Each structure stands twice: as structure tokens, then as C-alpha cells.
Enquirer: 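I'd like to ask you about the structure that follows.
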Amino acid sequence: MSRMTLDRAAGLAESARALAEGETTSRALVEQALARIEATQSTLNAFRIVRAEAALAEADAADRQLAAGVRTPLLGVPVAVKDDMDVAGEPTAFGCDGEFPPVAEDGEAVRRLRAAGAVIVGKTNTCEFGQWPFTEGPAFGATRNPWHPEHTPGGSSGGSAAAVAAGLVPAALGSDGAGSVRIPASWTHLVGIKPQRGRISTWPRGESFQGITVNGTLARTVADAALLLDAASGNHERDPHRPEAINALEAVGREPGRLRIALSLKPPFTAVPARLQPEIRARVLQLAEQLSALGHVVEEADPPYGQIGLTFVPRATAGIAERVAETPFPALLDRRTREAARLGRLLGGVPLKAARRAEAVLQRRIGTFFESYDVVLAPTTAAPPPRIGAMLSLSGFATDRAMIAACPYAWPWNVLGWPGINVPAGFVNGGLPVGAQLLGPAGSEPLLISLAAQLEGELHWHEAWPPLRAVTDSPAA
């Protein structure tokens, strides 16, 4: 490693250490990140906005602080955020078509990243209002999977996942309303943390999508995902959800102890069929065997989900209706978005209130499951990443069917507001990444992080990289 360069394998913690010890400069790291973004934008298309000039100015300011002896956790390190988060001076289009005005202030999560010293190099692509497990649309085209560019990286945090998986940035923020951090993490071989509701503020919205959406982190290692979580965590004074603070990075180095782990392979109830594909089942079972070998007690058991899906739909669609009411260009929205908003307006009264009231009942009922078990191990998705365009032209109902069939496992934890972590589970079908979830009750991020770090210490998933050819070559038409 020369004094002024780090290769793409340098993660968040390694970059921060190298900067603090004077082995490189923020300008050098930001220039490298910008060069990687530019080299892959025509192929991977991970970014909606690249802040080249602003990021370089911020890097120079960080270098002056470093030279003056200032030390903050991420001082000078380039990171990216999803384009549903406000960055002062940039538009927040959230996957929508049209020209959006720049916002005046950073959102709380971005403000905290900046306070930790991070340099925001850009805003990553997401599907329209984060609704789907793919990252495509007329506003920006298709974001592609670095492992197999003819496949999606997932969604809705697909741009953040693609950017981290390809090594464009060492870590990124995403958001998760029905698995939107965990699903793309699983499909791009990353660690994705969906934290406790309120852990990372969604301000200027006290609640996003009626409380089901939280901000989370994507990185190649558990330590990097935890470091970014610590940096972004905290609340605006008007946030309605303010969980007790944790130290995520400290949990990485802590032994989890001997845990009781429930292996849950059955999808929660949905109105349309969902079947776990055998090759993914096999990968999740391999993780279960690894956990057993580490001394944990693993047995098949499913949380008592019941009819939890009935409480998800009113909250999700009412949240879409709220966003549609605010958009400056409703005529440019996907027809499926408009349909979902119409449903949300219908469900926004009594059904929404009933769904919100049901959350506490569900938390109590499913909480009893954690009297017998410490952690749930479940598939993150039922299928590997679909091909680009596979869901783009479907009707709303057909999209819902395809989405539930591929991704039936993640969304209950959004209703509950509890934490979960995707960990890489290997590859299927000629090299498509898949993942598994570690799920826990309220405030259990430290336990989940320590268990994920223990697995990572055995499996070394961060050592696998997408083929450079797939990252840099134009995909076949």
C-alpha cells in the first residue's frame, strides 16, 4: 500500500485508520471513489447524483482537520447515501422521474454522518418510493448487480448495495421498509443491518411510511456495517421513536455466548403463494450447521406471525399515498405507484388506525417466542436475484405476486420495528448471491452483530469479490 492510495478492498474502518495515521489523504480516497463511480456509471448505474465538486471540497476540508489533529470516527472517509435521504443542496427524487428542487438542509442521518467526518460522494439509485425489490425505472434506467450485470441488485436500496459490492465506496446508507436493506444485501453478498426503529433517524419525517421504514447500513464486513451504524445513529429532538443507545462496533468483538437459535424456513402468511427455492434452503441449512458447530443450539421453529400481513398493507400503501400527495410530478409516476396510492387513501382511515393498534399486540405475541429463543435464523429471500426487467412491465397485481414469491420473509420485522441483519449465505445458480437473516427482539442489535461477526470469522465472506469484468464491461443487450 503506497502512502496515497488504498485499493477497493479497504473497508470503512481501514480507510478511517489509514487517514488517522497519515497513510493517505481524504482527497486521494475521494478521488479514487469518484473515478470508480465514473468508470462504472454506464454499466452498473449505481448513482442518481454524484457530488464530485462538493465532495472534493469536503475532502480538502477533512484533510485540513486531520493535519490539525482532529479525530472523528469517519473523518475524511467517502460514503454514499440512498436518494430518499436529504443532502443539503441536492434534490431528493426518491426514484421518481422529473426535476426536483434542491433541499435546504441535511436529513438527521446525513447530518450525523457529516458530524462523524464522512464525505458524502453521492446519492444512490432506488426504485420509485422504494416499493419494489428491484432498482429500475424511467427516471434513471436500470441499476445492475456487480456479480451478474444482467440481474438486479435488488431493491429498494439497490444503488447503495451495488456501489458497496463493487467497491465504489466502502459502505453506504440505505432504508428498509419491507426488506429494502436486507434484500439487496443478500443479492449482492453484503452485510445489511436493519436496526431498531428510531435507531437511525428518518427526520425530517418522524415516521417514514407509517413507521415501517427505517434507515440502515450496507457494508462488506460486520465491523464496517456496525461502524456506519454507530456514526449515523441518534435522534432529532422531535423524533417519536428514541431507543436506548447502543455501541454496535463494540459488539463486533464480543462473544455472543451459547445461543438458542430458531431456524425458521416457513414464509409468514401471504395472500399469494411463496415457496423457498431448494438451493437457497440448502445454503441457509449450511449456515444453521455452522452455527451448531460454533456451539449454538439450533432447532426448527417459526415465530407466531399469524395474520401479520393484514397490518402491513394499510401502513405501506398509506405511506405511498402520503408521498404521492407531495410529489411535484404525479403524472410521471409509475401506474403501480398511483394504484398503490389509491388503495392507501382507501385504507388510510379506520384500517390504518387498526393496523397501528395491532402492532403492540403482535409485539407481545411474537415477543413470547423470544422467551424460548434468542435469535431467529431465516432466509432473506425465497429466490435469487431476478433478471433486469423481469418485473418492470408487470401489472400491479402481477408485481405483487412476483415480489411476494421472491421476497416473503423480510417485511414482518418492519411491522414489529425490531432489528435484523442479512449475512451472506453463498451463491446459487452459477454465482448469484443469496443471504440469510438473523432476527431478534427490540434492541437486540448488539447480540445480532456479535453473532454475525462470529459467523464472519468462520466464513470470511468479505474475501469474495465480483469479477472485475462484470463490474466494468457493458452487459449484453
Side-chain angles (χ1 to χ4, degrees), residues 95 125-145 147-159 161-162 176-188 209 212-213 265-281 284 308-310 312-313 316-317 319-320 333-344 378-415 422 428-430 432-435 437 475:
N125 277 323
T126 172
C127 59
E128 201 166 279
F129 296 137
Q131 298 170 83
W132 305 303
F134 55 83
T135 301
E136 302 168 53
F140 58 88
T143 297
R144 295 177 180 273
N145 193 318
W147 292 91
H148 276 273
E150 67 274 19
H151 290 258
T152 182
S156 63
S157 305
D176 190 312
S180 285
V181 162
R182 290 163 288 157
I183 291 165
S186 73
W187 284 347
T188 57
F209 291 90
I212 61 174
T213 294
L265 299 175
K266 181 182 177 183
F269 171 78
T270 54
V272 298
R275 184 181 70 89
L276 178 61
Q277 293 193 9
E279 59 271 26
I280 297 182
R281 178 188 175 95
V284 178
I308 191 171
L310 299 177
F312 176 80
V313 174
T317 57
I320 293 166
L333 294 173
D334 190 295
R335 68 197 181 288
R336 294 169 291 186
T337 301
R338 297 196 295 269
E339 290 169 8
R342 281 194 293 273
L343 179 59
T380 303
T381 68
R387 286 184 172 271
I388 294 288
M391 299 186 196
L392 195 59
S393 60
L394 299 178
S395 69
F397 179 67
T399 301
D400 289 344
R401 285 181 65 94
M403 185 163 60
I404 291 167
C407 304
Y409 289 101
W411 55 270
W413 247 245
N414 296 90
V415 172
N422 176 80
V428 301
N429 300 352
L432 293 171
V434 295
Q437 300 178 90

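All figures in this text were calculated on a predicted structure; none of them were measured in a lab.
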Enquirer: Can you tell me how far the CD1 atom of Ile320 sits from the CG atom of Leu343, to the nearest 0.5 Å?
Expert: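 Output value for this atom pair is 9.0 Å.
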Enquirer: Restricting to salt bridge (charged side-chain N to carboxylate O under 4.0 Å, His left out), what partner residues turn up for Asp400, sequence neighbours left out?
Expert: none
Enquirer: Which atoms form the tightest heavy-atom contact between Ala162 and Thr143, and what is the distance?
Expert: CB-CG2, 4.0 Å
Enquirer: Can you list the residues that meet the side chain to side chain donor-acceptor pair (under 3.5 Å) rule with Thr188, with sequence neighbours excluded?
Expert: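 Once residues adjacent in sequence are excluded, Thr188 has no partner under the side chain to side chain donor-acceptor pair (under 3.5 Å) criterion.
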Enquirer: Please report the closest heavy-atom contact between Val428 and Pro384, naming both atoms and the distance.
Expert: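 Minimum heavy-atom contact is CG2-CB, 3.8 Å.
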Enquirer: From Arg182 CZ over to Trp187 CH2, what is the distance, rounded to the nearest 0.5 angstrom?
Expert: 13.0 Å
Enquirer: Looking only at heavy atoms, which two atoms of Pro267 and Ala274 are closest? And how far apart?
Expert: CG-O, 3.9 Å
Enquirer: Give the ring-plane orientation class for His151 versus His148, where under 30° counts as parallel, over 60° as perpendicular and anything between as tilted.
Expert: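 The arrangement is perpendicular - the two ring planes meet at more than 60°.
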Enquirer: Where do Pro153 and Gly158 come nearest, in terms of heavy atoms and distance?
Expert: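 Scanning both residues, the minimum pair turns out to be CG-O, 3.7 Å.
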Enquirer: Does Phe134 offer a backbone N or O that forms a donor-acceptor pair with the side chain of Thr152 under 3.5 Å?
Expert: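 Looks like no, no N/O pair under 3.5 Å.
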Enquirer: Locate the shortest heavy-atom distance separating Val313 from Thr317; write the atom from each residue and the value.
Expert: O-OG1, 2.8 Å
Enquirer: Report the residues that fulfil side chain to side chain donor-acceptor pair (under 3.5 Å) with Arg336, sequence neighbours left out, ordered by chain and then residue number.
Expert: Asp334, Thr399
Enquirer: Please check this pair: side chain of Ser156 against backbone of Ser180, looking for a donor-acceptor N/O pair closer than 3.5 Å.
Expert: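 Here the side-chain-to-backbone pair does not exist.
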Enquirer: For Val284 and Gly435, work out which heavy atoms get closest and say how close.
Expert: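 Looks like CG2-O, 4.5 Å.
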Enquirer: Rounded to the nearest 0.5 Å, what's the gap from CZ on Arg144 to CD on Glu136? Could you check?
Expert: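 It is 8.0 Å, given to the nearest 0.5 Å.
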Enquirer: CG of Asn145 to CD of Glu150: how many Å apart, nearest 0.5 Å?
Expert: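 Those atoms lie 8.5 Å apart.
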Enquirer: Can you tell me how far the CG atom of Asn414 sits from the CD1 atom of Ile308, to the nearest 0.5 Å?
Expert: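 One finds 9.5 Å between CG of Asn414 and CD1 of Ile308.
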Enquirer: Quick one: does any side-chain atom of Gln437 pair with a main-chain N or O of Pro379 as donor and acceptor, under 3.5 Å?
Expert: yes
Enquirer: Phe209: which residues meet the ring-ring contact (aromatic ring centres under 6.0 Å, His included) condition with it, sequence neighbours left out?
Expert: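 Phe209: no ring-ring contact (aromatic ring centres under 6.0 Å, His included) contacts found.
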Enquirer: If you round to the nearest 0.5 Å, how far is CH2 of Trp132 from OG1 of Thr126?
Expert: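 If I round to the nearest 0.5 Å, the distance is 10.0 Å.
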Enquirer: Counting only N and O atoms by type, is there a donor-acceptor contact under 3.5 Å from the side chain of Arg338 to the main-chain atoms of Leu333?
Expert: yes
Enquirer: Check ring-ring contact (aromatic ring centres under 6.0 Å, His included) between Phe312 and all other residues, then give those that pass, not counting sequence neighbours.
Expert: Trp411
Enquirer: Glu128: what forms a side chain to side chain donor-acceptor pair (under 3.5 Å) with it, not counting sequence neighbours?
Expert: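 Testing Glu128 for side chain to side chain donor-acceptor pair (under 3.5 Å), a comparison that skips the adjacent residues, returns Thr337.
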